[in-house]
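Read the structure below first, then the notes.
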Amino acid sequence: MAVLICVRHGETTWNASGKLQGQLETDLNDAGRKQASALAEHLAKQSSQKITAVYSSDLRRASDTAQTIAEKLGLSQVSTTPLLRERHLGRLQGLTPKQAREREAHAFKILASSSGDEPIPGGGESFGEMRDRAARAAEDIARQHEGERVVVVTHGGVLQSMHVTATGKPAPGRVPNASINVLSISSDNQWKFQSWCDVEHLKGVGFLSSAFGGGAKSG
């Protein structure tokens, strides 16, 4: 069995303003950098077993969060992969949910669903496409690190898809920035989340309270 400590990247300006990021590049804001530091401190202090590697989406907001974690853990390298990227949102990227509902109602309806194989118009992915590539990435990492603990830094939509892979059910609400979600994957690819959306380490740093609400949000 491998244990993947799956975390969402720190907050960005677009997270705070509610814009749909998808695969567009955005940077961590001040809150996000503080969240990444608090997350790194927590992982360095709390892990009862050594963390052997850090993996990340190659989008900057994730890889910057991952680099902060790796430096605190004394690891020299972050392995990045496009398989851990956020879902491509097609024509919805860069819009607020209000704008998306008004301008791209059909595309927004597809985004709001946690099932189905219809891609988002404008070059976007279906939920199933994102779920499948994220599962491939997680299982490949698990095979390479059997018996180990590794950190995987990714995005809200990807983590929601991982919840579906593990449980067959949609995730309960959104995934907060810099939250910890501990996933075990066995050698025969049986998935189990040991914890979900842990934000205790962010006390005193803060996170978006809207993260626990319903509705579609991806970033």
Side-chain angles (χ1 to χ4, degrees), residues 1-16 21 26-81 84 86 134 137-138 141-142 144-145 147-163 166 171-185 191-213 217 219:
M1 183 180 71
V3 175
L4 278 56
I5 304 169
C6 301
V7 302
R8 188 183 176 195
H9 61 81
E11 183 184 305
T12 69
T13 301
W14 280 24
N15 288 144
Q21 295 172 116
T26 55
D27 292 311
L28 299 180
N29 61 15
D30 287 342
R33 287 187 287 272
K34 290 177 182 177
Q35 290 169 346
S37 294
L39 177 58
E41 289 278 354
H42 175 77
L43 292 174
K45 291 178 180 177
Q46 299 299 318
S47 180
S48 59
Q49 183 181 345
K50 183 180 178 181
I51 293 171
T52 58
V54 178
Y55 287 82
S56 177
S57 156
D58 62 352
L59 294 177
R60 194 165 55 241
R61 57 193 184 271
S63 61
D64 286 352
T65 301
Q67 189 61 46
T68 299
I69 294 169
E71 289 174 0
K72 191 65 181 179
L73 295 175
L75 297 171
S76 60
Q77 182 179 347
V78 172
S79 299
T80 61
T81 172
L84 291 170
E86 182 56 282
I141 291 168
Q144 294 181 58
H145 295 279
E148 301 176 19
R149 291 168 64 88
V150 301
V151 172
V152 176
V153 183
T154 186
H155 304 266
V158 170
L159 286 163
Q160 289 174 325
S161 79
M162 287 180 169
H163 189 280
R174 300 169 188 155
V175 181
N177 291 103
S179 60
I180 295 174
N181 309 271
V182 180
L183 171 66
S184 62
I185 301 180
W191 291 41
K192 182 179 180 180
F193 273 104
Q194 300 175 7
S195 68
W196 181 254
C197 287
D198 180 3
V199 292
E200 285 296 310
H201 55 287
L202 298 179
K203 286 184 175 179
V205 177
F207 57 90
L208 291 173
S209 59
S210 61
F212 289 108
K217 195 167 184 178

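Because the structure is predicted, anything quoted here is derived from the model rather than measured.
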Identified side-chain contact (heavy atoms from CB on, under 4.5 Å) counterpart of Leu39 within the set Ile5, Val7, Val199, Val151: Val7

Looking only at heavy atoms, which two atoms of [X] and [Y] are closest? And how far apart?
X      : Y      : answer
Pro176 : Cys197 : CD-SG, 3.6 Å
Asp58  : Ser63  : O-OG, 4.4 Å
Ala16  : Asn29  : CB-ND2, 4.2 Å
Ala53  : His145 : CB-CE1, 3.7 Å
Gly10  : Thr65  : N-OG1, 3.1 Å
His155 : Ser57  : NE2-OG, 2.8 Å

Nearest 0.5 Å please: distance from the [atom1] atom of [X] over to the [atom2] atom of [Y].
X      : Y      : atom1 : atom2 : value
Arg33  : Thr12  : CZ    : OG1   : 11.0 Å
Gln160 : Asn181 : CD    : CG    : 10.5 Å
Cys6   : Tyr55  : SG    : OH    : 12.5 Å
Asn15  : Gln21  : CG    : CD    : 4.5 Å
Leu4   : Gln194 : CG    : CD    : 10.5 Å
Ile141 : Thr81  : CD1   : OG1   : 7.5 Å

Any side-chain heavy-atom pair of Leu159 and Thr154 under 4.5 Å: yes

Full working for side-chain contact (heavy atoms from CB on, under 4.5 Å) between Arg149 and Lys50: CA-CA 7 Å; Arg149 291 168 64 88; Lys50 183 180 178 181; over 6 Å; no

Verdict with reasoning, Leu84 to Ser56, per side-chain contact (heavy atoms from CB on, under 4.5 Å): CA-CA 7 Å; Leu84 291 170; Ser56 177; 5.7 Å; no

Ring geometry between His163 and Phe193 (parallel below 30°, tilted from 30 to 60°, perpendicular above 60°): parallel

For residues 72-79, dump all side-chain donor-acceptor pairs below 3.5 Å to protein atoms at least two apart in sequence or in another chain.
from  : atom 1 : to    : atom 2 : distance (Å)
Lys72 : NZ     : Glu41 : OE2    : 3.0

Flag, side chain of Gln49 to backbone of Gly147, donor-acceptor distance under 3.5 Å: yes

Any donor-acceptor pair under 3.5 Å from Arg8 side chain to Val175 backbone: yes

Stepwise side-chain contact (heavy atoms from CB on, under 4.5 Å) check, Asn177 with His9: CA-CA 6 Å; Asn177 291 103; His9 61 81; 3.5 Å; yes

From CA spacing to verdict: side-chain contact (heavy atoms from CB on, under 4.5 Å), Lys192, Met1: CA-CA 11 Å; Lys192 182 179 180 180; Met1 183 180 71; over 6 Å; no

